[in-house]
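A short write-up of the structure that comes next.
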Amino acid sequence: MAAPNDIDLLIIGGGCAGLSLARMLARYRSSVRTLVVEPRAAYTDDRTWCFWHGHRHPFQHLVSSRWDAWRFSTSVGAIVQTGNSDLHYQCLRSIDFYDDAREFIGSAPRVELEAGVTAISVVPSGNGFKVETSAGPILARYVVDTRPVSHETVDRDGLWQVFTGAEVRTDRDTFEPGTVGLMDNMSTDDFGFRFTYTLPFSRRHALVEETRFTHRNVTSAELERGLELTLASLHAVTETLRTEKGRLPMAVHSARDNMPAGFVAAGIGGGAIRASTGYAFLRIQSWASNCAYRIHQGDAPCPHLPEPRWRTAIDRLFLRVLRAQPELGPQFFTAMSRGLSAETLVRFLSDASRPTDLARVAFVLPKIPFLRNLVRPGTPAWS
């Protein structure tokens, strides 16, 4: 590990956000002495990031699959939407991203990654910070902390998106390779709104995830039982290639109070996730590009940009209704997929929604649940 007094910037966490920022600084060949500390001793193909985009973007060389259509379904039917020639749902494997970022970092003399190192505490010290780690203390002028938020810090109107998935092969044609199952078999149970997420890589190869939007404590065992039932219903799975799981806060982000100058929370813990949908990858890349540029120019690191107030209000209301009445989830997403164009729905689900899009969403959704929750004075705390 580099000598403590040499560190200008310490990035805590070498996941998507931490590596994205370090990667951008490495691309700039920045003179800022940067160190990333990551608890994992080794990187594995542990997750998948997806987003809507055209063909040309900085990560196009890492995209493993693209789809032109996406499906919403319940027990009574399905709606398939198709994007235009410039709009595709794209999949990026985490291991490809990790390897690409580490290659950039390895080529930059002033940016380092130390795996197998855990940050324990961060305290202001002089003109910077003293960070205690499992490998010893580090002194840094700036700190970017990308560790995820705890259960207690999530907005009280919010939900958790929890999922467990398996990448599988089958012995017969089972999947539709041109269409993503964005929200299949939508229903509700004791844990809230549930659906199956399916990324079909071929007719006999797919990632299948059991997903919940919930405020309750769904155990891994419960999710795994649901996944087993879903896979069993295919009657054709012969091999499981890998598994992945996640727990993402779907909540309106509140900036942390009393943050010392030079300390920035980023990634999931810094508001990277779109509250009402859970998408984050492109938002993280936008922040990393902006933050790296500022650091390269000699400025302090910056947090994620705040959401527009109108979008914050809409997201909070949408989550409040879905939390109070999860049984309406299938109706909401069916109505949006049936009543909105693909472009409008994609903008709502990602990070490009406009006030006019929200007006269209409001038009197709049932009005009474939203009006009832709009005038409600408050919601229960997390339980």
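Hydrogens, waters and symmetry mates play no part in the numbers below; they use all other heavy atoms, side chains included.
- We find that D189 and R212 are joined by a salt bridge, their nearest charged nitrogen and carboxylate oxygen being less than 4.0 Å apart.
- In this structure, I368 places its CD1 atom where only 12 or fewer heavy-atom neighbours from other residues, nucleotides or ligands lie under 6.0 Å away.
- Ring-centre distance between F332 and F370: below the 6.0 Å cut-off.
- T170 and R204 share no side-chain donor-acceptor pair at under 3.5 Å.
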Determine whether T238 and D171 satisfy the following criterion, side chain to side chain donor-acceptor pair (under 3.5 Å), listing intermediate values before the conclusion.
CA-CA 6 Å; T238 59; D171 61 3; 5.9 Å; no
- Query: What do the steps show when you test Q285 against H57 for side chain to side chain donor-acceptor pair (under 3.5 Å), and what is the final call?
  - Reply: CA-CA 11 Å; Q285 302 315 312; H57 56 80; over 6 Å; no
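- F333 has its ring centre no less than 6.0 Å from the ring centre of F195.
- Nearest heavy atoms, P326 versus T188: O-CG2, 3.0 Å.
- Annotation for Y293: atom OH does not count as buried by contact number, only 12 or fewer foreign heavy atoms lying within 6.0 Å.
- Salt bridge status for E222 with R225: present, with a side-chain N to carboxylate O gap under 4.0 Å.
- Across all non-hydrogen atoms, the minimal contact from F193 to S187 is CD1-O, 3.5 Å.
- Within 6.0 Å of CD on E132 lie more than 12 heavy atoms contributed by other residues, nucleotides or ligands.
- Salt bridge R93/E167: present, at least one basic N to carboxylate O contact under 4.0 Å.
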